[in-house]
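The shown structure was predicted, so the numbers you read here are calculated from the model rather than taken from an experiment.
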Amino acid sequence: MYKASLKNILTRKEECTMNLSLIPQVGDTLQLREPNKFLLVHGITHIIENESIEFEIFVEPIDRTYWMNEI
């Protein structure tokens with residue numbers, strides 16, 4: 001499992017921290033369990049200190065309509 005911190009690129013605030021089995025790629029869309037909470041991945045940073053498995057994932061909140069139009 002990877003520890004991932006999701007950071008909002010617009011507000012520069014942390015959306016949440018979670019454990020992920022896979023690291024998303026830039027351009028992927030993530031959906032949190034909250035209704036209509038979609039996040040577009042803009043960048044990923046691997047924190048390499050002390051051989052960690054921690055990542056910062058930079059995301060932009062998007063709405064469901066934006067997400068559906070991209071499909």
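- Atom CG of Leu10 has more than 12 heavy atoms from other residues, nucleotides or ligands within 6.0 Å.
- Between Ile62 and Leu39 the shortest side-chain heavy-atom distance does not fall below 4.5 Å.
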Please report the C-alpha distance between Asp28 and Leu40 in whole Å, then the side-chain angles of each, then the deciding distance to 0.1 Å, and finally whether the side chain to side chain contact (heavy atoms under 4.5 Å, CB included) criterion is met.
CA-CA 6 Å; Asp28 285 352; Leu40 178 63; over 6 Å; no

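- Screening residues 15-26 for side chain to side chain donor-acceptor pair (under 3.5 Å) gives Asn8-Glu15, Glu14-Thr17, Glu15-Lys37 as the qualifying pairs, with residues at least two apart or on separate chains.
- Using a 4.5 Å heavy-atom threshold, the side chains of Leu30 and Pro24 count as touching.
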Hey, mind stepping through Ile53 and Lys3 against side chain to side chain contact (heavy atoms under 4.5 Å, CB included) and telling me if it holds?
CA-CA 6 Å; Ile53 53 173; Lys3 182 179 177 186; 5.6 Å; no

Under the criterion side chain to side chain contact (heavy atoms under 4.5 Å, CB included), I'd like the reasoning laid out for Leu32 against Met18: C-alpha separation, chi angles, the key distance, then a yes or no.
CA-CA 10 Å; Leu32 300 181; Met18 61 180 57; 3.5 Å; yes

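- By the ring pair (Phe, Tyr, Trp, His ring centres under 6.0 Å) test, His46 is found to be paired with Phe55, residues two or more places apart in sequence or in another chain being considered.
- Between Val41 and Thr29 the shortest side-chain heavy-atom distance does not fall below 4.5 Å.
- Residues satisfying the side chain to side chain contact (heavy atoms under 4.5 Å, CB included) test with Ile9, not counting sequence neighbours, are His42, Phe58, Glu60.
- By the rule that hydrophobic residues join a cluster once side-chain heavy atoms approach within less than 4.5 Å of another member, Ile47 and Val26 end up as members of separate clusters.
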